[in-house]
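These numbers come from a predicted model, not from an experiment.
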Number of protein chains: 2
Amino acid sequence: MSELEARVLPEATLARLTQYLRALNALDAQGLERTSSGVLAKEAGVNPSILRKDLSWLGSYGTRGVGYVVRELAEHISRTLGLNQDWRVAILGAGNLGRALSGYAGFKSRGFNVKAILDIDPALVGKAVGELHVEAIGDLAKVVQREEINIAVLAIPGDAAQDLVYELAELSVRSVLSFAPKPLRVPEGMNLRRVDLSTELQILAYLAVQG
Amino acid sequence: MSELEARVLPEATLARLTQYLRALNALDAQGLERTSSGVLAKEAGVNPSILRKDLSWLGSYGTRGVGYVVRELAEHISRTLGLNQDWRVAILGAGNLGRALSGYAGFKSRGFNVKAILDIDPALVGKAVGELHVEAIGDLAKVVQREEINIAVLAIPGDAAQDLVYELAELSVRSVLSFAPKPLRVPEGMNLRRVDLSTELQILAYLAVQG
DNA sequence: GCTTGTGAACGCCTTCACAGCA
DNA sequence: TGCTGTGAAGGCGTTCACAAGC
């Protein structure tokens with residue numbers, strides 16, 4: 001890794017980098033200033049080889065024979081992941097899941113601020129959810145603009161999700177996390193990740209029968 | 001695929017099979033009796049090659065030149081995934097996320113019945129959550145036995161998760177879905193899957209900066 | 001002719017093993 | 001000596017392309 005050109009991290013690496021960051025923060029909280037690939041890998045739940053390989057995508061930030069400086073490495077990963085930016089999240093769907101997500105502590109602590117929650121049901125509009133009030137999906141464009149939303153979370157049951165993806169794309173929201181059970185098509189340039197809770201349980205069920 | 005021996009499906013295949021099942025049910029609901037790998041793959045959001053490859057793990061259930069019988073294939077996948085069993089779920093943690101999950105419609109419709117919800121906070125014990133009442137984590141053994149729980153969902157913030165995994169293992173609960181941010185160690189023979197919401201957002205953040 | 005089922009090719013990701021360097 | 005950084009090897013999963021069969 002010594003090219004000038006910025007290159008895209010493999011997605012598997014990306015997912016692990018977030019774990020290293022969490023692990024580094026944990027070590028820092030314990031007062032440790034230095035660490036090694038062995039210690040860090042254990043804390044992150046991976047093997048040391050892949051950890052070093054992953055870090056090599058970012059450049060050389062360790063010292064041979066010694067290890068890594070905890071805060072320095074954390075800062076570097078953080079910058080690589082774009083976490084020094086201000087991320088402003090809108091949650092679409094104010095049902096149980098949407099409300100739970102809007103209050104999810106893990107978001108705020110990692111720099112993701114939930115700025116709006118919206119729903120299609122008029123009966124919910126205006127209701128308080130934490131420090132927010134539910135707004136109408138019909139006002140999506142207005143809300144996205146007002147709050148400068150750059151990430152949307154789809155916490156709605158089903159068929160409306162696809163239309164919202166296109167609408168979000170037109171509003172220049174380029175990152176979407178979907179909890180909808182169906183796979184969604186995304187326009188060029190938009191990033192979508194999906195969490196499918198039923199699928200997770202189905203996989204567990206199979207493994208339980210199997211194992 | 002023509003061996004006698006039962007073999008374990010690759011996990012990637014497993015995840016897609018659940019999608020094919022959902023897609024088949026959607027086609028069935030539309031009144032379609034037959035389908036092809038092309039149609040089904042589109043509905044499931046994958047390419048036809050991998051779909052046929054995945055199905056080949058289960059044996060030959062299609063007809064060359066014709067396609068698949070929707071209900072027959074659905075039934076076969078369903079059986080392979082162990083979904084004809086009775087799955088009884090306990091949710092550990094009655095915070096926002098736990099309560100949201102306990103009411104998640106996608107579970108019940110796919111044969112997963114939430115039979116209990118527990119929390120460590122005495123102030124929550126006894127409170128109603130849907131048709132359930134929150135029970136004390138201290139009573140976990142009793143609850144698991146009484147309700148014959150075979151899947152547990154960990155919807156608790158952090159450090160208590162690891163201990164609960166071991167406790168569940170001793171109670172013979174062999175499948176766990178964790179929402180805890182840390183990777184957890186699991187005893188031999190236990191299956192654990194993790195959903196890390198913050199990681200998902202961090203990946204999206206990186207992709208948004210990148211793209 | 002049309003669609004399945006599958007070996008072979010390909011590409012990505014992980015693991016190994018060791019050279020490089022404090 | 002000890003740990004990082006990395007080329008090479010290995011393994012896994014996807015895509016290709018076509019033979020098999022209705």
Subject >> Side-chain donor or acceptor of B:Asn113 paired with backbone N/O of B:Lys115 under 3.5 Å >> reply: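 Side chain of B:Asn113 to backbone of B:Lys115, a donor-acceptor pair under 3.5 Å: no, none is there.
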
Subject >> Side-chain donor or acceptor of B:Ser175 paired with backbone N/O of A:Leu204 under 3.5 Å >> reply: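 At least one qualifying donor-acceptor pair exists.
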
Original post:
Does A:Ser60 put a side-chain nitrogen or oxygen below 4.0 Å from OP1 or OP2 of D:dG5?
Top reply: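 Yes.
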
Original post:
Does B:Thr63 have a side-chain nitrogen or oxygen under 4.0 Å from the phosphate oxygens OP1 or OP2 of D:dC22?
Top reply: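 No, because none of the side-chain N or O atoms of B:Thr63 sits under 4.0 Å from OP1 or OP2 of D:dC22.
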
Using the side-chain heavy atoms of [X], tell me which of these nucleotides is nearest: [options].
X	options	value
A:Tyr68	C:dT3, D:dA17, D:dT4	D:dT4
B:Arg64	D:dT6, D:dT4, C:dG5	C:dG5
A:Ser56	D:dT6, C:dA8, C:dC13	D:dT6
A:Ser36	D:dT4, C:dT4, C:dT15	D:dT4
B:Ile50	C:dT3, D:dC3, D:dT15	D:dT15

Subject >> Salt bridge present between B:Arg71 and B:Glu75 (N-O < 4.0 angstrom) >> reply: no

Original post:
So, are A:Glu147 and A:Arg88 salt-bridged, with charged N and O less than 4.0 Å apart?
Top reply: yes

Taking atom [atom2] of [N] as reference, at what distance in whole Å does atom [atom1] of [X] sit?
X	N	atom1	atom2	result
A:Lys53	D:dA8	NZ	P	10 Å
A:Arg34	D:dT4	CZ	P	12 Å
A:Glu11	D:dG13	CD	C1'	15 Å

With sugar-phosphate meaning primed atoms plus P, OP1 and OP2, does [X] contact a base, only sugar-phosphate, or nothing at under 4.0 Å between heavy atoms?
X	result
A:Pro10	sugar-phosphate
A:Arg16	sugar-phosphate
B:Ser49	base

Subject >> 5'-most by nearest nucleotide on DNA chain D - A:Gly67 or B:Asn47 >> reply: A:Gly67

Subject >> Given DNA chain D, 5'-ward residue of the pair A:Asp54 and A:Val66, judged by closest heavy atom >> reply: A:Val66

Subject >> From A:Val173, A:Leu164, A:Ile149, residue fulfilling side chain to side chain contact (heavy atoms under 4.5 Å, CB included) relative to A:Leu140 >> reply: A:Leu164

